[in-house]
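The first residue of the sequence shown is numbered 1, and numbering continues consecutively from there. Keep in mind that the numbers below use all heavy atoms, side chains included, and drop hydrogens, waters and symmetry copies. Read the numbers this way: they start at 1 and go in the same order the structure lists the ligands and their atoms.
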Amino acid sequence: RMYKRQMMCRRDIDVHNVPFLAIYESLIPPEEEKLKQKQLVALLEKLVSKEWPTAKLFLYGSCANSFGVSKSDIDVCLAIEEADMDKSKIIMKLADILQSDNLQNVQALTRARVPIVKLMDPVTGISCDICINNLLAVVNTKLLRDYARIDARLRQLAFIIKHWAKSRGVNETYHGTLSSYAYVLMCIHYLQMRRPAILPCLQEMETTYSVTVDDINCAYFDQVEKLGDFGHHNNETIAQLVWGFFYYWAYCHDYANAVISVRAGSIISKREKDWTRRIGNDRHLICIEDPFETSHDLGRVVDKHSIKVLREEFERAAEIMQFDPNPCIKLFEPH
Ligand code: CTP
Ligand code: MG
């Protein structure tokens, strides 16, 4: 009734390339927004350096990994060597410093899992979260940004998947669904697994960038401009990739045994990681390995209820891509 029950072939699906690309374009932040973000960071840097002259500020998350859509908040990390001061003290002090300037709604959230200062800049209208010494996030931000430079289809696919996840209410870690970071890793992994591959596995290549953060060595090939047009042997279009992504997570992923790993560029087994049983609150019902903090499963927030919600959403999306004459509307209908 609702769907024309007829299987789409690859060429049929390509009629949706134009609308999908239009959605992608509409989500890209305009240049002036980027300028305003830089303005705000410059102001913060000025204020912070008065108190801590050697401290540094780094942008991380979607404002710096190239997967940020228009009007996002910005994530900032304060890198500071204050061995004698605990994080919540630094947070309190930082909030104090920023309070005294023209910033609005400065809040110190010292009891959060990751303590942060939240604030809003009335000049630019931008909100931002500042955390302390979360340098792994700064490094994984660079990894994501470097992957995005290799093939334009990654950014297109990730924007569409993130937009879908937000529209459908499955981008809320406190409700047991997945973070934006997890969805981007799922997209990178998916493009690594296409044949021919659209993305390489940068951590399996020669090391050209290496830092050690919190005792974790983060090393990979970051001179991606030297890869040329890496994915050009694969001519899959954005509509085909969106369809294939949902098809994979709806019908092909082995939820019982498989872990997706951007680090390895392949699927690895839960057994190998000892992620086969519930330990504490970590259930491992969908397993996404963090590329650097490899003991961290980004799916650990997912519980018995939310795994069902997620899988039903993947199936719904796959069905729409397969049968709906107008998937670009239906796919993003609010939940
Ligand atoms: N991050 C992380 N480990 C997690 C979640 C997040 O290291 N389990 C870091 C990553 O560097 C990520 C950043 O925190 O880029 C922000 O995470 P998130 O809010 O999920 O992603 P954004 O890219 O900021 O997405 P959004 O556009 O939804 O804000
Ligand atoms: Mg963010």
Side-chain angles (χ1 to χ4, degrees), residues 23-24 26-29 33-34 37 40-41 57-79 109 112-120 126-148 154-189 203 211 213-214 216 218 220 259-263 275 281-284 286-302 306 310 332:
I23 291 170
Y24 162 69
S26 74
L27 295 168
I28 298 176
E33 217 175 289
K34 291 272 143 200
Q37 291 178 355
L40 174 56
V41 174
L57 285 185
F58 295 99
L59 285 174
Y60 72 100
S62 65
C63 59
N65 65 18
S66 76
F67 297 103
V69 304
S70 186
K71 303 199 175 62
S72 303
D73 297 349
I74 65 174
D75 298 305
V76 180
C77 168
L78 172 67
L109 306 185
R113 194 176 54 82
V114 180
I116 54 167
V117 174
K118 265 187 164 326
L119 60 86
M120 212 276 276
I126 297 174
S127 297
C128 104
D129 292 351
I130 310 176
C131 67
I132 312 294
N133 290 345
N134 188 1
L135 290 170
L136 267 180
V138 176
V139 178
N140 68 38
T141 292
K142 173 173 158 61
L143 179 72
L144 265 48
R145 186 173 64 235
D146 285 333
Y147 269 113
L154 170 58
R155 198 167 174 234
Q156 296 164 357
L157 178 66
F159 268 52
I160 288 164
I161 299 304
K162 275 178 66 177
H163 182 50
W164 162 83
K166 285 180 206 285
S167 312
R168 301 299 301 167
V170 288
N171 178 209
E172 294 169 70
T173 47
Y174 46 90
H175 286 149
T177 53
L178 298 169
S179 66
S180 297
Y181 177 57
Y183 282 112
V184 174
L185 291 173
M186 288 157 81
C187 291
I188 294 173
H189 180 259
Q203 288 171 273
V211 287
V213 180
D214 303 341
I216 297 174
C218 308
Y220 68 95
V259 176
I260 67 155
S261 170
V262 163
R263 169 189 59 90
W275 285 354
N281 262 338
D282 296 4
R283 295 172 178 84
H284 307 300
I286 174 172
C287 293
I288 302 155
E289 182 194 59
D290 186 271
F292 298 124
E293 209 177 349
T294 54
S295 62
H296 187 177
D297 175 7
L298 291 155
R300 72 179 174 187
V301 290
V302 177
S306 59
L310 265 176
F332 307 106

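Note that the CG atom of Leu135 and the CD1 atom of Ile216 stand 11.5 Å from one another [nearest 0.5 Å]. Note that CG of Asp297 and SG of Cys287 are 4.5 Å apart. Values are rounded to the nearest 0.5 Å.
With sequence neighbours left out, the salt bridge (charged side-chain N to carboxylate O under 4.0 Å, His left out) criterion links Arg283 to no other residue.
Using a 4.5 Å heavy-atom threshold, the side chains of Ile188 and Leu144 count as touching.
When each of Asp75, Asp129, Asp73 is tested with Lys118 by the rule salt bridge (charged side-chain N to carboxylate O under 4.0 Å, His left out), just one qualifies, namely Asp129. A side chain to side chain contact (heavy atoms under 4.5 Å, CB included) with Glu289 holds for exactly one of Leu298, Thr294, Leu185; it is Thr294.
Salt-bridge check for Lys71 with Glu33: failed, with every basic side-chain N at 4.0 Å or more from each acidic carboxylate O.
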With a cut-off of 3.5 Å and sequence neighbours excluded, list every side-chain donor-acceptor pair involving residues 157-164.
unit_1, atom_1, unit_2, atom_2, d
Lys162, NZ, Phe67, O, 2.6

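Checking side-chain atoms of Ser70 against main-chain N and O of Ile28 turns up no donor-acceptor pair under 3.5 Å.
Within the protein, the N, O or S atoms sitting under 2.8 Å from the Mg ion (ligand 2) are Asp75 OD2.
Within 4.0 Å of ligand 1, heavy atoms belong to protein residues Tyr60, Gly61, Ser62, Asn65, Asp75, Ala137, Asn140, Thr141, Lys162, Lys166, Ser179, Ser180, Tyr181, His296, Leu298.
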